[in-house]
Asker: 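I have a structure here, written as structure tokens, and I will follow up with some questions on it.
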Number of protein chains: 2
Amino acid sequence: MNDLLRNLKISINESIYLKDPESSDLGKRIVEHGILLINELGFDNFTFKKLGERIESNESSIYRYFENKHKFLIYLTSWYWGWKEYQLAFATININDPKHKLNQAIEILTREVEEDQSFNHINEVALNKIVINEYSKSYLTKEVDDENKEGYFVIYKRLSNRLKEMIADVNEGYPYPASLASTILAGSLHQHFLKDHFTSLTDCGAETSPSQYFIHLTSNLLNS
Amino acid sequence: MNDLLRNLKISINESIYLKDPESSDLGKRIVEHGILLINELGFDNFTFKKLGERIESNESSIYRYFENKHKFLIYLTSWYWGWKEYQLAFATININDPKHKLNQAIEILTREVEEDQSFNHINEVALNKIVINEYSKSYLTKEVDDENKEGYFVIYKRLSNRLKEMIADVNEGYPYPASLASTILAGSLHQHFLKDHFTSLTDCGAETSPSQYFIHLTSNLLNS
DNA sequence: CAAAACTAATAGTAAGACTATCAATTTTGA
DNA sequence: TCAAAATTGATAGTCTTACTATTAGTTTTG
């Protein structure tokens with residue numbers, strides 16, 4: 001991402017946090033080291049107490065920013081999808097050919113993540129691993145419907161919808177654009193997970209990327 | 001499923017449990033009501049203490065069958081995939097045409113689950129909902145690699161592989177059979193979840209089923 | 001029918017997920 | 001610039017979860 005975006009802020013639904021972590025130094029440290037610590041321990045073993053120790057602050061101070069670790073995860077993953085949304089918008093804005101545009105979109109949404117200099121306190125590589133390993137835990141709960149109504153997943157839904165529109169622009173007769181879009185988004189996380197832990201269940205690995213798999217799949221499906 | 005299978009037992013890796021729950025009345029009650037209770041409360045809110053109260057037994061007695069609730073989930077989902085594996089084997093054994101065989105396989109693996117009379121103490125409909133809502137939590141952990149080595153996921157991997165073989169039998173030139181198989185299995189659970197909670201992200205619903213979507217996708221992909 | 005296995009009940013520990021209180025520090029706006 | 005407001009850190013405390021240990025009563029079985 002370029003310098004134009006250096007002052008950009010990904011905006012996130014205010015009901016996800018108690019106090020905006022972008023508004024203070026402590027808040028940014030919570031986010032920065034929260035990402036690193038969840039990535040190290042896994043979300044299940046992560047606690048606010050451990051994060052407090054890591055940043056030499058106090059558990060109770062973290063609770064003033066986020067109600068609980070579940071909301072913290074929703075905050076972090078929302079940030080991630082908001083970040084992807086910007087990348088997608090910038091990378092496809094000048095492309096007119098629908099096929100080329102869609103391929104570019106899939107590439108951006110499914111590729112291996114690299115560090116983005118525009119956001120100092122966020123390690124996008126670690127955050128991407130968190131999304132791969134933990135994102136589904138944020139919605140596989142008994143509270144999904146309530147939280148969905150509260151708008152906790154708007155960014156992801158908007159992103160999935162953009163992809164769906166691009167699919168429809170390539171082939172408006174294709175009957176399942178929404179399902180294909182969600183399959184690409186969730187399926188890509190899954191293929192990344194499989195290549196790290198269940199190699200027999202995927203063709204992705206050193207020589208083949210999830211991007212190649214999904215671009216091939218989509219092209220063949222829509223251009224036939 | 002027919003009467004031939006009435007005495008069938010789905011066999012599950014012995015290291016997943018401490019004492020075989022099929023070997024006693026209490027064990028069967030743990031499984032039977034464990035499925036119902038997890039379905040009611042969600043896995044996160046489920047505890048052995050609550051299950052003990054439900055079956056009028058004791059927490060400590062349940063701990064003699066399963067080390068912890070994580071292993072209990074692995075047991076239940078392994079049972080589910082073993083059950084699917086039998087259904088798949090029986091339904092495809094006499095089909096010779098590879099395309100027809102594959103379509104039949106996808107149908108079985110992605111369709112809405114109905115009660116199976118062959119296994120009295122197991123409510124397959126509730127178990128299917130558990131698999132949709134909780135299966136990914138069983139492998140999205142820091143311990144996956146160890147547990148995978150212990151064979152906790154063999155049944156699922158074997159099933160995914162069978163599907164992969166059927167895909168390859170239809171089109172041996174298709175470059176991503178393993179990824180397509182895992183996409184169908186995990187993607188189907190995901191589409192079922194979306195139709196219940198995020199309707200804008202899927203085309204599946206009252207008129208369209210995940211089976212139709214995946215059969216259409218696979219046919220178009222392999223027969224072009 | 002006695003030994004072995006199993007189950008239920010109780011108690012106890014350590015950690016997690018918070019809430020409340022208070023004092024010290026920092027920020028801020030009149 | 002100084003007093004009020006906001007923020008942070010430290011401590012303590014509650015309730016729940018996830019277990020482990022012990023014991024006593026019940027059932028099974030060779």
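Throughout, a chain's letter reflects where its sequence line sits, starting with A, and its residues are numbered from 1.
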Asker: Who are the side-chain hydrogen bond (donor to acceptor under 3.5 Å, both in side chains) partners of B:S15, not counting sequence neighbours?
Answerer: B:N13
Asker: Does B:Y65 make a side-chain N or O approach to OP1 or OP2 of C:dT7 shorter than 4.0 Å?
Answerer: yes
Asker: In whole Å, what is the span from the CG atom of B:N58 to the C1' atom of D:dT20?
Answerer: 13 Å
Asker: For A:E67, answer base if it contacts any base atom (sugar-phosphate contacts may also be present), sugar-phosphate if it contacts only those atoms, and nothing otherwise; contact means non-hydrogen atoms under 4.0 Å.
Answerer: sugar-phosphate
Asker: Is it true that B:K84 and B:E124 make a salt bridge, defined as a side-chain N closer than 4.0 Å to a carboxylate O?
Answerer: no
Asker: Check the distance between C:dA8's C1' and B:R29's CZ and give it to me in whole angstrom.
Answerer: 13 Å
Asker: Any luck finding a side-chain donor-acceptor pair between A:K142 and B:N133 under 3.5 Å?
Answerer: no
Asker: Look at the rings of A:F72 and A:F66 and say which category their plane angle falls in: under 30° parallel, 30 to 60° tilted, over 60° perpendicular.
Answerer: tilted
Asker: Would B:E22 and B:K9 pass as an ion pair if we require N to O under 4.0 Å?
Answerer: no
Asker: Among D:dA18, C:dT7, D:dG9, find the nucleotide with the atom closest to the side chain of B:S61.
Answerer: C:dT7
Asker: Measuring from A:I55:CD1 to A:L36:CG, what's the distance to the nearest 0.5 Å?
Answerer: 11.5 Å
Asker: From the options C:dA9, D:dC19, D:dA10, select the nucleotide whose nearest atom is closest to the side chain of B:R64.
Answerer: C:dA9
Asker: Judged by atom type as modelled, is there a donor-acceptor pair below 3.5 Å linking the side chain of A:K137 to the main-chain atoms of B:L140?
Answerer: yes
Asker: Does NZ or CZ of A:K69 come closer than 6.0 Å to the centre of the six-membered ring of A:F43, within 45° of the ring's axis?
Answerer: yes
Asker: Is the shortest distance from a Lys or Arg side-chain nitrogen in B:E67 or B:K71 to a carboxylate oxygen in the other one below 4.0 Å?
Answerer: yes
Asker: Using a heavy-atom cut-off of 4.0 Å across all strands, would you classify B:F66 as base, sugar-phosphate, or nothing?
Answerer: nothing
Asker: Hey, is the side chain of B:S57 poking within less than 4.0 Å of OP1 or OP2 on C:dT7, counting only N and O atoms?
Answerer: no
Asker: Base, sugar-phosphate or nothing for A:S60? Non-hydrogen atoms, less than 4.0 Å.
Answerer: base
Asker: Taking only the side-chain heavy atoms of A:K69 (C-beta and beyond), determine which of C:dA17, D:dG9, C:dT7 contains the nearest atom.
Answerer: C:dA17
Asker: Short of 4.0 Å, heavy atom to strand atom, which residues of residues 39-55 of chain A count as contacting DNA chain C?
Answerer: A:T47, A:K50
Asker: Measure CD/A:E56 against C1'/D:dA10 and give the value in whole Å, please.
Answerer: 14 Å
Asker: Quick one: B:F72 CZ to D:dC19 P, roughly how many Å, whole number?
Answerer: 14 Å
Asker: Would you call A:R54-A:E40 a salt bridge at under 4.0 Å N-O?
Answerer: yes
Asker: Where the side chain of A:E59 is concerned, which of D:dT8, C:dC18, D:dA18 is the nearest nucleotide?
Answerer: C:dC18
Asker: Report for the helix from C:dC1-D:dG30 to C:dA30-D:dT1: angle between first-end and last-end helix axes, five pairs each, rounded to 10 degrees.
Answerer: 20°
Asker: Rounded to whole angstrom units, what separation is found between the CG atom of B:D25 and the P atom of C:dA8?
Answerer: 10 Å
Asker: D:dG9, C:dC18, C:dA8: which one has an atom nearest the side-chain heavy atoms of B:L26?
Answerer: C:dA8
Asker: Identify, between B:K19 and A:Y63, the residue whose nearest nucleotide on DNA chain C lies closer to the 5' end.
Answerer: B:K19
